[in-house]
Amino acid sequence: MSAVTPFIEDVFLGAAALFMVLAIALTYRAIKGPTTQDRVLAVNVLGTNTVVVLALLAAALGETALLDIALIYALLNFLMAMAISKFTVERGGVL
């Protein structure tokens, strides 16, 4: 059972839908580039976007388990960003 009013629930669901539409543009940027920096940044923002969508769905639906999933996904997104940074520095350049 949701702890928010139906209007606020609809606002949260609408915001989550908007973020999903924005994810399509981010996916295009992650695939097409044109540079490696664009791709890395798009993948990182896509991960952050996913965390925001999960948090909005958790608030709208009253599912606390989605917040746990969002937290784990945020941690994995951070670790991925650190791994890419370490790889590019060890390779001898900045991307």
Side-chain angles (χ1 to χ4, degrees):
M1 184 73 184
S2 180
V4 296
T5 64
F7 174 72
I8 299 297
E9 183 178 319
D10 290 340
V11 170
F12 285 157
L13 290 175
L18 179 65
F19 275 105
M20 292 303 294
V21 169
L22 293 174
I24 295 169
L26 288 170
T27 303
Y28 173 77
R29 180 56 57 201
I31 293 171
K32 289 294 182 182
T35 65
T36 305
Q37 292 95 334
D38 291 329
R39 289 185 179 110
V40 169
L41 187 61
V43 169
N44 196 2
V45 173
L46 194 57
T48 304
N49 192 11
T50 303
V51 172
V52 170
V53 168
L54 286 170
L56 286 169
L57 288 175
L61 303 176
E63 292 288 332
T64 57
L66 287 175
L67 288 176
D68 295 335
I69 295 169
L71 185 61
I72 291 170
Y73 200 84
L75 178 63
L76 290 173
N77 191 34
F78 172 75
L79 290 175
M80 184 266 318
M82 292 298 107
I84 289 173
S85 297
K86 184 171 175 45
F87 173 74
T88 56
V89 168
E90 285 180 355
R91 199 171 62 171
V94 179
L95 295 178

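In terms of heavy atoms, Arg29 sits closest to Arg39 at O-CG, 4.2 Å. Listed here is the closest heavy atom pair of Leu56 and Ala16: CD1-N, 3.7 Å. Residues Asn77 and Gly47 come closest through the heavy atom pair ND2-C, 3.6 Å.
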What verdict does the side chain to side chain contact (heavy atoms under 4.5 Å, CB included) test give for Leu13 and Leu57, after you've listed the backbone C-alpha separation in whole Å, the side-chain angles of each residue and the deciding distance to 0.1 Å?
CA-CA 7 Å; Leu13 290 175; Leu57 288 175; 3.7 Å; yes
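Every residue meeting the side chain to side chain contact (heavy atoms under 4.5 Å, CB included) condition with Ala55, not counting sequence neighbours, appears here in chain and number order: Leu67.
The side-chain heavy atoms of Val53 and Asn49, taken from C-beta on, include a pair separated by under 4.5 Å. You'll find the side chain of Thr35 reaches within 4.5 Å of the side chain of Asp38, heavy atoms only.
Note on Phe7 and Phe12: same hydrophobic cluster, where clusters join Ile, Leu, Val, Met, Phe, Trp and Tyr whose side-chain heavy atoms are under 4.5 Å apart, directly or indirectly. Linking Ile, Leu, Val, Met, Phe, Trp and Tyr residues whenever their side-chain heavy atoms come within less than 4.5 Å leaves Ile84 and Phe78 in two separate clusters. Both Val52 and Ile8 belong to a common hydrophobic cluster when Ile, Leu, Val, Met, Phe, Trp and Tyr are linked at side-chain heavy-atom distances under 4.5 angstrom.
Around atom CE of Met80, more than 12 heavy atoms belonging to other residues, nucleotides or ligands sit under 6.0 Å away.
Cluster partners of Val51 are Tyr73, counting Ile, Leu, Val, Met, Phe, Trp and Tyr whose side-chain heavy atoms approach within less than 4.5 Å, directly or via other members.
Across Val40, Thr50, Leu22, Leu26, a single residue satisfies side-chain contact (heavy atoms from CB on, under 4.5 Å) together with Val45, and that is Leu26.
Rounding to the nearest 0.5 Å gives a distance of 10.5 Å between OG1 of Thr48 and CZ of Phe19.
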